[in-house]
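For the numbers below, each heavy atom of this structure counts, side chains included, while hydrogens, waters and symmetry mates do not.
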Amino acid sequence: MPLTDFSISNKQVLKFISYHKTSFDIGYIYPLDLFERFATINKLTMVECSCKVKQNIVYPMRFDISLFGSNYAQKFNHVMLFFQEINSRVGVNLNLEWLTTFFDRGFKFSAILGFNVAIDLRTELKDSRIKLLIGLNNQEYPEKVETALKSCGLESQQGIRTLLIHSSYLVIGFDLYLDGRYDSQLDITLKPDVLQNTEVHQYLLNLISASALRPVPLCNEFAVSFSQMSKDKAIYYDLKNLDDFSTGFSNCLRLSEVSKTIHSIYRSHSIATAMGVVVSDNEFRGDIIQNFNLKYRIYGRT
């Protein structure tokens with residue numbers, strides 16, 4: 001969740017989303033129309049379009065937006081109204097209890113650093129989900145850090161607390177499936193120079209595959225991601241430069257050929273200004289990475 005302070009025009013937002021929809025032949029699917037409307041009635045600092053690849057099958061109906069401004073209590077109310085609007089359709093059953101429990105009365109919104117809303121859609125309604133992700137200053141709100149750790153079963157892992165001390169910020173995610181299932185996500189975000197710390201470096205080597213650290217010098221930041229539903233960890237790479245994906249990154253990790261096809265769609269029109277890559281730690285056991293996410297973004301500018 002890279003942070004920025006400048007808003008994007010509605011025209012830019014719709015152009016970027018439209019390019020992705022056209023490039024990957026995305027037609028009408030619920031609730032994409034509601035998401036697009038929500039994106040245009042709120043000021044945004046970032047728009048992300050992404051593709052999830054599983055064994056050469058591309059799932060492109062994935063969008064993420066960052067909300068502009070610092071009145072996060074108001075933003076949370078807007079998001080809840082949006083989620084309730086999605087929930088009003090027959091056959092949709094969002095479980096909002098985890099959200100309302102975490103954002104309890106007296107929640108300290110001043111500790112929030114960023115506020116994202118995302119959708120990950122499938123042709124089967126039950127497999128679609130919406131997401132709320134918050135960037136949290138973990139030094140300012142230890143109680144909620146503990147809640148997030150417990151939700152992912154991490155509260156007893158001492159090494160995790162070492163990472164927290166050195167982390168830039170936490171991202172806490174709330175995944176709400178349209179059939180009522182839900183998942184919790186916790187991303188510990190780190191700067192590349194943290195690898196110079198021997199204790200942190202060694203713990204990361206114990207936590208994830210050594211080869212997962214090879215692309216880190218190409219990144220502005222990277223994150224280790226944990227989930228309530230999955231025992232596998234994921235590594236998120238925020239690349240310094242889009243062109244690094246085709247050169248340095250691909251030399252570090254061998255992704256399947258479909259990654260080149262997706263990347264060429266975005267590089268041919270130079271429409272994105274930044275990108276990220278997500279790879280599950282289990283993928284590093286094989287010769288070729290078959291399952292990954294490619295994320296393309298634009299940011300607001302002065």
Side-chain angles (χ1 to χ4, degrees), residues 1 48 50-64 93-99 101-102 116-122 124-136 144-161 163-164 167 170-190 203-213 215 222-238 253 255-256 259 276-286 288-295:
M1 183 187 281
E48 177 183 276
S50 67
C51 291
K52 186 180 189 73
V53 177
K54 291 179 119 179
Q55 300 295 325
N56 288 328
I57 299 174
V58 179
Y59 298 93
M61 295 180 285
R62 299 163 53 88
F63 303 90
D64 187 347
N93 180 33
L94 293 177
N95 187 337
L96 299 174
E97 183 179 353
W98 170 220
L99 265 181
T101 300
F102 188 86
N116 283 28
V117 177
I119 55 174
D120 181 0
L121 306 181
R122 301 287 190 273
E124 289 287 338
L125 194 67
K126 64 181 179 63
D127 296 325
S128 294
R129 58 181 170 161
I130 58 174
K131 305 178 70 169
L132 172 64
L133 302 103
I134 61 169
L136 190 71
K144 292 303 180 183
V145 172
E146 288 301 315
T147 300
L149 289 173
K150 288 177 182 177
S151 73
C152 293
L154 301 171
E155 68 274 18
S156 61
Q157 296 190 27
Q158 188 57 42
I160 293 293
R161 300 184 187 280
L163 291 187
L164 290 174
S167 68
L170 288 181
V171 175
I172 301 174
F174 307 86
D175 288 27
L176 306 175
Y177 286 84
L178 271 57
D179 68 351
R181 291 174 293 153
Y182 67 93
D183 192 15
S184 302
Q185 172 187 333
L186 178 65
D187 298 354
I188 300 179
T189 306
L190 302 161
Y203 178 71
L204 285 170
L205 289 174
N206 294 334
L207 183 68
I208 59 177
S209 304
S211 53
L213 296 177
F222 69 105
V224 182
S225 181
F226 304 87
S227 164
Q228 183 182 54
M229 289 178 64
S230 173
K231 292 184 179 180
D232 189 23
K233 297 165 285 291
I235 299 87
Y236 168 78
Y237 306 96
D238 174 40
L253 304 181
L255 273 62
S256 64
S259 67
V277 183
V278 182
V279 181
S280 295
D281 189 50
N282 281 340
E283 288 295 304
F284 294 100
R285 298 175 182 174
I288 300 176
I289 293 173
Q290 303 281 359
N291 305 300
F292 52 88
N293 299 354
L294 299 183
K295 300 169 172 279

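- Checking side-chain atoms of Ser280 against main-chain N and O of Asn282 turns up no donor-acceptor pair under 3.5 Å.
- The shortest side-chain heavy-atom distance between Leu213 and Phe284 does not fall under the 4.5 Å cut-off.
- Inter-residue side-chain proximity for Leu149 and Arg161 is flagged as met; some heavy-atom pair is nearer than 4.5 Å.
- The SG atom of Cys51 lies 9.5 Å from the CZ atom of Phe292; values are rounded to the nearest 0.5 Å.
- Once rounded to the nearest 0.5 Å, the distance linking SG of Cys152 with CD of Gln157 reads 10.5 Å.
- Two residues are said to be in side-chain contact when any heavy atoms from C-beta on lie closer than 4.5 Å; Asn293 and Arg62 meet this criterion.
- Distance check: Asp64 CG to Lys131 NZ gives 8.0 Å after rounding to the nearest 0.5 Å.
- Looking at Glu48, its side chain never comes within 3.5 Å of a backbone N or O of Lys295 through a donor-acceptor pair.
- A distance-only check finds a donor-acceptor pair linking the side chain of Tyr237 to the backbone of Ala212 [under 3.5 Å].
- The backbone N or O of Ser209 lies less than 3.5 Å from a partner atom in the side chain of Asp281, making a donor-acceptor pair.
- Of the possible polar contacts, one joining the Asp183 side chain to the Met229 backbone as a donor-acceptor pair under 3.5 Å is found.
- Taken from CG in Leu125 to OH in Tyr177, the straight-line distance is 13.5 Å, to the nearest 0.5 Å.
- Side chain of Arg181 to main chain of Lys126: a donor-acceptor pair is present (N/O by atom type, distance under 3.5 Å, no hydrogens or angles).
- Listed here is the closest heavy atom pair of Leu121 and Arg129: CD2-O, 4.3 Å.
- Side-chain contact check for Phe102 versus Leu132: every heavy-atom pair is 4.5 Å or farther apart.
- Put simply, the side chain of Ser151 does not reach to within 4.5 Å of the side chain of Leu186, judged on heavy atoms.
- Here the side chain of Ser225 pairs no donor or acceptor atom with the backbone of Asp187 at under 3.5 angstrom.
- Between Leu204 and Leu163 the shortest side-chain heavy-atom distance falls below 4.5 Å.
- Around the OH atom of Tyr182, the shell of radius 6.0 Å holds no more than 12 heavy atoms that belong to other residues, nucleotides or ligands.
- Screening Asp179, Leu176, Leu99 for a side chain to side chain contact (heavy atoms under 4.5 Å, CB included) with Leu94, the sole residue that qualifies is Leu176.
- Contact annotation: the side chain of Lys150 never approaches that of Thr147 to less than 4.5 Å [non-hydrogen atoms, C-beta and beyond].
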Would you sort out whether Arg122 and Ser128 count as a side chain to side chain contact (heavy atoms under 4.5 Å, CB included), showing the intermediate values?
-> CA-CA 5 Å; Arg122 301 287 190 273; Ser128 294; 4.1 Å; yes
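- When all heavy atoms of Ser167 and Ile188 are compared, the pair lying nearest together is CB-CG2, 3.7 Å.
- Remark: side-chain polar atoms of Glu283 are paired, donor with acceptor, to backbone N or O of Gln290 under 3.5 angstrom.
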Show the numbers, then the answer: is there a side chain to side chain contact (heavy atoms under 4.5 Å, CB included) between Ile289 and Leu255?
CA-CA 5 Å; Ile289 293 173; Leu255 273 62; 4.1 Å; yes
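- With a 4.5 Å cut-off on side-chain heavy atoms, Leu294 and Ser259 count as touching.
- The CG atom of Asp120 lies 9.5 Å from the CG atom of Asp127; values are rounded to the nearest 0.5 Å.
- Taking CG of Asp175 as the start and CG of Asn95 as the end, the distance is 12.5 Å to the nearest 0.5 Å.
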